[in-house]
Participant: 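So that we are looking at the same thing, I have put the structure below in structure tokens.
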Amino acid sequence: MDLEKVRYFIRVVEEGSVSRAAASLNMTQPPLSIAIRKLEEELGTPLFTRQGNRLFLNETGQYFYKRSKELLFSADSLRTEMRERGLGIRGEVTVGCSTIANLTIIPEVVKRLQEQDYQITVRVMEGNTAYILDQLRQHRMDIGLIGNTFDKADLNLTALLTGPVYAALPPGHPLSDRDKVTLDDLRHDDFLMPYTSIGLGIADYILEECSEQGFEPSILYWGAETLPMLEMVKKGLGVAFVPALLLHIHGLDLPPLARIDSPTVSSKLNLVTLKNGAKQEAGKRFLEVTEEVIAELKESTPPVIYR
DNA sequence: CTAAAGCGGGAGTGATATAA
DNA sequence: TTATATCACTCCCGCTTTAG
């Protein structure tokens, strides 16, 4: 069904005459008469009853008029929606990230998108690097924010943030009043290590640094998530290692933290996308805002007070 | 493979027939 | 007289064919 014909029909109904409708549409009467007849033929039912040379909208026509108005309204909405999608004002973006990124960066990004009147739905899927890469490759995810660094032929990796790593110290630890510590200071502690599934992560840098300082740490636990490890620290089970980003989470009850004083031990946040993935405008907008949030994060002082 | 030519159909115009 | 239907015609757009 041709929307143009439907538009013509509506005009004929609203003007009450084919001739007047033709004049208001800046055309002559014949094609409009033909358009109405073709529409009736296509629908298989008359929309008007004809008395001599006059048209009167019949019951079917009245119903069709109501539905036509809805149809055109819907078509207009669709047009606007598609235009806004094209401009990146509207759309959906699926992001994979760690719990920490989801607690720090994502809320601020969503807040700004809302403040700027973007109608972008952000779908967040928390998970480890392997899960995020898998979802990206299956086109179920547009953007990944991950801590690990790696080199994969089909993926683009961009560094967004590099910061220090903090050692979370158990209650009563002799170094708990220190601002910074070296790994050598912790050589007799049990380590709770963040597991790296793919590429290089915090644990790899720690192991490398320990090796340089001539010892092999006692690893009590390997875990994928930081927050459970912090609970283990509070129970006095060992020392955990957390990225600087953690300090930007509001309202966490953290154990004493001391910065690891080392050039090699760092925490990163990388952006990962599929190299040949479709770049939709909503995704680009999300990234712009994310980069803005991260730039401000670098400048800001973490809200967490630690010793 | 690309660009021009050819072709057909749809939509429009103006003139006119037709009906109340 | 007025409004719709029909006819012959033009124009334009998009598709197919053809030539280089």
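Letters go in sequence order (proteins before strands), and every chain restarts at 1.
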Participant: Check the distance between B:dT13's C1' and A:L25's CG and give it to me in whole angstrom.
Facilitator: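 My rounded result for the distance is 15 Å.
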
Participant: My understanding is that only residues two or more places apart in sequence, or in another chain, count here; which of them pass ring pair (Phe, Tyr, Trp, His ring centres under 6.0 Å) with A:F48?
Facilitator: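 Applying ring pair (Phe, Tyr, Trp, His ring centres under 6.0 Å) to A:F48 gives A:F9.
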
Participant: What's the CG-C1' distance between A:N26 and B:dA11, to the nearest Å?
Facilitator: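 That distance rounds to 15 Å.
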
Participant: State which residues pass side chain to side chain donor-acceptor pair (under 3.5 Å) with A:T264; sequence neighbours excluded, sorted by chain then number.
Facilitator: A:E209, A:S262

Participant: Kindly give the cluster partners of A:F73, where membership spreads through any ILVMFWY side chain lying under 4.5 Å from a current member.
Facilitator: none

Participant: Mind checking side chain to side chain donor-acceptor pair (under 3.5 Å) for A:E216 and listing every partner two or more places apart, or none if nothing turns up?
Facilitator: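 Partners of A:E216 under the side chain to side chain donor-acceptor pair (under 3.5 Å) test: none.
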
Participant: For nucleotides 1-3 of chain C, list the nitrogen or oxygen atoms of the protein found under 3.5 Å from its nitrogen or oxygen atoms, one pair per line.
Facilitator:
residue: C:dA3; atom: N3; partner: A:N53; partner atom: ND2; Å: 2.9

Participant: Rounded to whole angstroms, how far apart are CZ on A:R50 and P on B:dT18?
Facilitator: 18 Å

Participant: Let's see if you get this right: which residues in residues 29-38 of chain A place a heavy atom under 4.0 Å from DNA chain B?
Facilitator: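 Only A:P30, A:P31 qualify.
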
Participant: Applying side chain to side chain donor-acceptor pair (under 3.5 Å), can you list everything that pairs with A:Y221, at least two apart in sequence or on another chain?
Facilitator: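 Once residues adjacent in sequence are excluded, A:Y221 has no partner under the side chain to side chain donor-acceptor pair (under 3.5 Å) criterion.
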
Participant: Give the angle between the helix axes at the two ends of the helix from B:dC1-C:dG20 to B:dA20-C:dT1, taking five base pairs at each end and rounding to 10°.
Facilitator: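 Its terminal axes enclose an angle near 10°.
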
Participant: Determine whether a donor-acceptor pair (N or O, by modelled atom type, separation under 3.5 Å) exists between the side chain of A:S19 and the backbone of A:Q29.
Facilitator: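 It does not hold such a pair.
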
Participant: For residues 224-245 of chain A, which residue pairs qualify under side chain to side chain donor-acceptor pair (under 3.5 Å), counting only residues two or more places apart or in two chains?
Facilitator: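 Listed by first then second residue: A:T99-A:E225, A:E231-A:K234.
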
Participant: Holding to ring pair (Phe, Tyr, Trp, His ring centres under 6.0 Å), I want the full list of residues that pass it with A:F191, two or more places apart in sequence or in another chain.
Facilitator: A:F241

Participant: Could you work out, with side chain to side chain donor-acceptor pair (under 3.5 Å) as the rule, every residue matching A:R54, not counting sequence neighbours?
Facilitator: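 Once residues adjacent in sequence are excluded, A:R54 has no partner under the side chain to side chain donor-acceptor pair (under 3.5 Å) criterion.
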
Participant: How would you label the contact of A:Y8 with the nucleic acid (heavy atoms, under 4.0 Å): base, sugar-phosphate, or nothing?
Facilitator: sugar-phosphate

Participant: Measure the distance from CG on A:L3 to P on B:dA11 and round it to the nearest whole Å.
Facilitator: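 Interatomic distance, CG of A:L3 to P of B:dA11: 13 Å.
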
Participant: According to the ring-ring contact (aromatic ring centres under 6.0 Å, His included) rule, which pairs have a member within residues 141-165 of chain A, sequence neighbours left out?
Facilitator: none

Participant: Under a 3.5 Å distance rule, please check whether A:D261 uses its side chain to pair with a backbone N or O of A:V181 as donor and acceptor.
Facilitator: no

